[in-house]
Each structure stands twice: as C-alpha cells, then as structure tokens.
Protein chains: 2
Amino acid sequence: MSDALRQFKSDIFQGLAHPTRIAIVELLRAGELPAGKLIEKLELEQANASQHLAVLRAKQIVVSRKAGNQVYYSIRDRALLEVLDILRRYFYAQLSSTVNMLQEVANERPQSRLKAH
Amino acid sequence: MSDALRQFKSDIFQGLAHPTRIAIVELLRAGELPAGKLIEKLELEQANASQHLAVLRAKQIVVSRKAGNQVYYSIRDRALLEVLDILRRYFYAQLSSTVNMLQEVANERPQSRLKAH
DNA sequence: TTACTATATTCGATATTTAGAATATATTAA
DNA sequence: TTAATATATTCTAAATATCGAATATAGTAA
C-alpha cells in the first residue's frame with residue numbers, strides 16, 4: 001500500500017477520532033443540516049462546534065454549502081456511513097462476547113454468584 | 001446513539017489515526033506476526049514500534065500472544081479490515097473525482113492547457 | 001447606514017500524542 | 001550464574017488537539 005493511501009486513511013480516522021465529530025456525522029446521516037441545528041441538537045458551544053466542523057471539512061469528511069445566512073453541512077461520501085455501521089456491529093459483538101464471558105465465569109462458580117469480591 | 005458507542009467508535013478511529021499504525025494493521029492482514037517482523041518490514045525504531053503497538057492494544061484493535069522470546073500480534077476482529085477496504089475504495093473514488101475535475105477544468109479552457117499560472 | 005443573526009477564526013491555557021534516548025523486563029543460550 | 005535477544009516502559013522535548021472566551025466576517029433586516 002502506498003504512503004499516500006496510508007496517510008489518507010489515517011487522516012480520515014483522525015477526522016473521526018472525537019466523539020463530538022462522530023455525533024455530527026451521525027446527525028448528518030439523514031441528510032444535510034445547517035450548523036445551527038447541529039449546535040442545538042448536540043448542545044455545543046458555537047465556537048467548539050465550528051472548530052469540529054472545520055476539522056471535518058479539512059479531512060474531507062463533510063462538505064458545506066452556504067445558503068443565505070446559514071451553512072448547510074452534509075456527508076461528502078456515504079461510504080463513510082458504512083464504516084460507522086461496521087463499527088456498530090463490531091461494538092455489539094464485543095459487548096455480547098464480554099457478557100458471555102461473564103456468564104461463563106458465573107456458571108463455573110455458581111456458589112459465588114451472589115458474593116461480592 | 002449512546003455515548004458509549006460514540007466513545008467506542010472514536011477510540012477505534014483514534015487507534016487507527018496514524019500512518020504507522022495503519023501500516024501495522026495492513027501487515028497483520030495476512031495473519032499474525034511477531035513484533036520484530038513488523039519493526040523490520042516497516043523500518044521502525046524499536047521503541048516507537050512498541051509504543052504504537054501499545055496504542056493498538058489499548059484500543060483493542062490487536063491482540064498479542066507471547067511465545068518464548070517473541071510477542072505475536074494479530075488483528076482482534078477482521079471486521080476492521082472491512083473498514084480499511086471501504087476506505088481504499090473511497091480513496092480511489094475521491095482520486096478519480098479529482099482527476100475528472102481537473103480534466104473538466106482543462107477541457108473548459110483548452111487554450112490554457114499548457115500555460116503555467 | 002446600523003443592527004442583528006449565523007458562522008468562522010484567533011488566542012491562551014491545558015492536555016494529549018509523538019519520536020528518540022535511555023532503561024527495564026523476560027526469555028533463551030552459554 | 002552471565003550474556004544475548006526480544007520487547008516494553010519511562011523520560012523529555014516538540015508538535016498537535018481541545019476548550020472557552022473574545023473577536024471577526026458575511027448575510028439579512030430595519
């Protein structure tokens with residue numbers, strides 16, 4: 001794999017490496033929204049939201065379009081939503097494997113099920 | 001979406017948000033490798049490699065197993081490789097849209113095709 | 001023009017990430 | 001035991017990311 005491709009991938013990951021930016025992208029899943037709506041729904045400081053949006057723009061994750069007073073944001077390529085979907089399944093898979101593991105531990109030692117330790 | 005899921009996703013992204021770590025994950029695509037092999041193939045400083053591996057472990061992206069003198073690393077869940085595949089397609093899609101854009105610009109102004117400006 | 005609204009940028013403080021040097025630990029070999 | 005090998009951790013300095021406060025800009029309304 002080329003260095004350029006690696007750099008590109010790590011830029012995308014870096015762009016998504018913050019819970020607020022994940023939240024923004026998830027809100028844009030249904031379609032474009034003006035910055036103000038994002039700020040309102042996520043209860044963010046205006047400056048903070050604007051900074052996160054600047055990161056998402058810089059990493060080419062979103063695009064913006066100005067309409068009158070407002071700036072509408074949307075996902076640049078919906079392929080990225082697939083990435084989030086894969087991670088959701090991954091998250092739940094790990095969750096259930098953790099639950100299973102805890103259950104196995106509990107079943108192997110039923111006498112201690114109610115004990116705190 | 002829950003805060004936990006958002007945090008989980010951004011942790012994964014953060015784990016992958018460095019070209020060296022992308023390179024490590026790509027090398028592990030074919031199967032497990034000892035740390036030394038990764039260091040050799042990527043021509044990394046030993047300490048630097050070890051730090052990146054620690055990040056990948058902390059974010060649960062890889063797992064390690066010790067065998068004698070060596071520590072073998074592997075991808076914890078191959079679903080993550082799908083994520084990288086999606087990004088590769090995304091990368092080439094963006095590349096070709098950039099090329100198309102440049103071609104359109106060139107075609108719209110054929111007289112300036114060879115001019116520097 | 002002035003005032004208002006929506007958004008972006010800059011600034012300063014703090015926290016996190018990164019690389020490399022040095023050191024530590026664990027395993028095997030002698 | 002001691003030496004050698006493989007890997008991890010700690011430390012320091014530099015770079016980067018984050019937040020909130022303040023300020024700037026662009027568009028609209030009066």
Side-chain angles (χ1 to χ4, degrees), chain A residues 3 6-28 31-76, chain B residues 3 6-28 31-76:
Chain A
D3 282 0
R6 267 198 288 273
Q7 185 64 55
F8 173 81
K9 286 179 182 175
S10 59
D11 277 350
I12 299 272
F13 288 129
Q14 171 131 25
L16 293 170
H18 193 287
T20 298
R21 293 196 293 271
I22 300 279
I24 291 171
V25 170
E26 290 285 355
L27 271 181
L28 295 178
E32 68 171 9
L33 284 176
K37 262 290 176 222
L38 295 169
I39 292 169
E40 176 196 326
K41 294 212 184 200
L42 297 174
E43 300 178 47
L44 299 174
E45 296 269 333
Q46 185 272 323
N48 191 6
S50 214
Q51 287 170 11
H52 283 303
L53 288 169
V55 172
L56 291 172
R57 267 186 278 118
K59 307 295 184 185
Q60 313 258 57
I61 293 167
V62 302
V63 291
S64 60
R65 119 186 129 77
K66 193 159 194 175
N69 227 2
Q70 289 167 300
V71 178
Y72 285 82
Y73 282 90
S74 53
I75 308 281
R76 172 163 166 162
Chain B
D3 282 0
R6 265 197 291 274
Q7 186 63 56
F8 174 81
K9 287 178 181 174
S10 58
D11 276 351
I12 300 273
F13 288 128
Q14 169 131 23
L16 294 170
H18 193 287
T20 299
R21 294 197 293 270
I22 300 278
I24 291 172
V25 169
E26 290 286 355
L27 271 181
L28 295 178
E32 68 172 10
L33 284 176
K37 263 289 175 220
L38 295 169
I39 291 169
E40 176 197 326
K41 295 211 180 199
L42 298 174
E43 300 179 45
L44 300 174
E45 296 268 333
Q46 185 272 325
N48 191 9
S50 214
Q51 288 176 100
H52 282 303
L53 288 169
V55 172
L56 290 171
R57 268 186 278 118
K59 306 295 185 185
Q60 312 259 58
I61 292 167
V62 302
V63 291
S64 60
R65 124 186 125 75
K66 192 158 195 175
N69 227 1
Q70 290 165 299
V71 178
Y72 285 83
Y73 281 89
S74 53
I75 308 281
R76 173 164 164 160

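Note that this is a predicted model, so its numbers are computed, not measured.
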Please report the closest heavy-atom contact between B:Ser10 and A:Ile22, naming both atoms and the distance.
CB-CG1, 4.0 Å
Selection residues 12-22 of chain B - residue pairs positive for salt bridge (charged side-chain N to carboxylate O under 4.0 Å, His left out), sequence neighbours left out
none
Heavy-atom side-chain proximity of B:Val62 to B:Arg76 below 4.5 angstrom:
no
Value for CG (A:Leu56) from CD1 (A:Ile12), rounded to nearest 0.5 Å, stands at 10.0 Å
Quick one, B:Gln14 with A:Gln14, criterion side chain to side chain contact (heavy atoms under 4.5 Å, CB included). Give me CA distance, side-chain angles, the key distance, then yes/no.
CA-CA 6 Å; B:Gln14 169 131 23; A:Gln14 171 131 25; over 6 Å; no
Can you tell which of A:Leu53, A:Leu16, A:Asp11 makes a side-chain contact (heavy atoms from CB on, under 4.5 Å) with A:Ile61?
A:Leu16
Would you jot down, in residue-number order, the residues of residues 55-71 of chain A having a non-hydrogen atom under 4.0 Å from DNA chain D?
A:Lys66, A:Gly68, A:Asn69
Just by distance, with hydrogens left out, do B:Asp3 and B:Gln7 show a side-chain donor and acceptor under 3.5 Å apart?
no
Contact boundaries of DNA chain D with chain A (under 4.0 Å, heavy atoms), 5' to 3'?
D:dA17 to D:dT28
Tell me, which of residues 31-42 of chain A have any heavy atom that sits under 4.0 Å from an atom in DNA chain C?
A:Pro34, A:Ala35, A:Gly36
The reported gap from CD in A:Gln51 to NE2 in A:His18 (rounded to nearest 0.5 angstrom) is 10.0 Å
Closest-nucleotide ordering on DNA chain C, the 5'-leading residue of B:Gln14 and A:Tyr73
A:Tyr73
Using 0.5 Å steps for rounding, measure from the CD atom of B:Gln60 to the CZ atom of B:Phe8.
8.0 Å
Answer yes when B:Glu26 and A:Arg6 have at least one side-chain N-carboxylate O distance shorter than 4.0 Å, and no when they do not.
no
Over all heavy atoms of both residues, which pair between A:Ser50 and A:Arg57 is shortest? Give the atoms and the distance, please.
O-NH2, 4.2 Å
State the CD1-CG distance between B:Ile75 and B:Leu28, to the nearest 0.5 angstrom.
4.5 Å
Using a strict heavy-atom distance below 4.0 Å, which residues from residues 46-53 of chain A are in contact with DNA chain C?
A:Gln46, A:Ala47, A:Ser50, A:Gln51
Taking any heavy-atom pair under 4.0 Å as a contact, classify B:Tyr72: base, sugar-phosphate, or nothing.
nothing
For atom CG of B:Leu44 and atom P of C:dA21, their distance in whole Å:
14 Å
List the atom pairs, donor and acceptor, that lie under 3.5 Å between side-chain atoms in residues 39-46 of chain B and the rest of the protein, sequence neighbours left out.
none

